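Read through the structure below, which is laid out as structure tokens, and then see the notes.
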Amino acid sequence: MGDNSVHINSGIPNKAFYLCCLEIGIDDCALIWFETLKALWRTSDFNDMVETLVSTAQQLISEDKVAHNAVEAISMSFSQVGLTPIVV
């Protein structure tokens with residue numbers, strides 16, 4: 001695996017996912033992450049992912065599909081791995 005491997009930085013969102021699961025549960029996290037991954041594009045970076053996670057969580061909260069503290073859980077988990085989301 002070279003420097004362009006898809007796994008080179010996967011630990012960052014993986015740890016954020018784990019931390020978020022501790023707050024809202026794996027089912028809610030899995031739904032948020034799955035819907036987010038479908039919405040990302042080829043050149044997405046970490047900031048794009050975090051923004052999309054937050055907007056996806058907001059949408060799923062409004063549809064009553066995930067915990068109402070999902071945005072806060074995402075923000076906390078990404079802050080703990082060094083990325084601070086901007087919540088609108």
Side-chain angles (χ1 to χ4, degrees):
M1 285 192 207
D3 288 343
N4 294 325
S5 168
V6 297
H7 302 286
I8 193 129
N9 290 314
S10 66
I12 296 168
N14 289 345
K15 182 162 185 184
F17 178 83
Y18 167 76
L19 294 169
C20 193
C21 285
L22 295 176
E23 293 296 316
I24 62 172
I26 195 167
D27 291 338
D28 285 2
C29 281
L31 179 58
I32 296 166
W33 256 254
F34 179 70
E35 294 300 324
T36 296
L37 290 174
K38 293 191 311 184
L40 293 175
W41 51 98
R42 188 178 190 280
T43 58
S44 297
D45 60 19
F46 286 132
N47 292 323
D48 297 325
M49 180 184 185
V50 175
E51 279 183 33
T52 306
L53 279 164
V54 168
S55 64
T56 299
Q58 289 170 331
Q59 179 63 39
L60 292 170
I61 290 167
S62 74
E63 296 170 5
D64 228 12
K65 293 183 177 178
V66 298
H68 291 278
N69 64 330
V71 170
E72 292 82 8
I74 291 166
S75 296
M76 179 274 311
S77 65
F78 274 93
S79 291
Q80 288 185 2
V81 295
L83 293 167
T84 306
I86 298 171
V87 179
V88 181

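The model shown is predicted, which means the values in this text are computed figures rather than measured ones. Atoms considered below: every heavy atom in the structure, side chains included; atoms not considered: hydrogens, waters and symmetry mates. Numbering of residues begins at 1 and proceeds along the displayed sequence.
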Is it the case that over 12 heavy atoms from other parts of the model lie below 6.0 angstrom from the CG atom of Leu22? yes
Once side chain to side chain contact (heavy atoms under 4.5 Å, CB included) is applied, do any residues pair with Ala70, and if so which ones, sequence neighbours excluded? Ile24, Ile32, Ala57, Ile61, Val66
Between atom CG of Leu31 and atom CG of Leu60, what is the distance when rounded to the nearest 0.5 Å? 5.0 Å
By side chain to side chain donor-acceptor pair (under 3.5 Å), which residues pair with Thr36, not counting sequence neighbours? Thr56
Identify the heavy atoms of Leu83 and Val50 that sit nearest to each other, and give their distance. CD1-CG2, 4.2 Å
Could you give all pairs that pass the side chain to side chain donor-acceptor pair (under 3.5 Å) test and reach residues 25-35, with sequence neighbours left out? Glu35-Lys38
Could you state the interatomic distance from OH (Tyr18) to CD1 (Ile26), rounded to the nearest 0.5 Å? 11.0 Å
Rounded to the nearest 0.5 Å, the CZ atom of Phe78 sits from the CD1 atom of Ile12 at a distance of 9.0 Å
From Ser44 OG over to Trp41 CH2, what is the distance, rounded to the nearest 0.5 angstrom? 4.0 Å
Restricting to non-hydrogen atoms, name the atom on Pro13 and the atom on Phe46 that form the minimum distance, rounded to 0.1 Å. CD-CE2, 3.6 Å
Between the CG atom in Leu40 and the CD atom in Glu51, the distance rounded to the nearest 0.5 Å is 10.5 Å
Who are the side chain to side chain donor-acceptor pair (under 3.5 Å) partners of Lys65, not counting sequence neighbours? Glu63
How many angstroms lie between CG in Asn69 and CE in Met76, if you round to the nearest 0.5 Å? 9.0 Å
Identify the two heavy atoms, one from Leu19 and one from Val81, that lie closest to each other, and give their separation to 0.1 Å. CD1-CG1, 4.4 Å
Residue pairs passing the salt bridge (charged side-chain N to carboxylate O under 4.0 Å, His left out) test where at least one lies in residues 70-84, sequence neighbours excluded: none
So, using side chain to side chain donor-acceptor pair (under 3.5 Å) as the criterion, who are the partners of Asp45 when residues are at least two apart? none
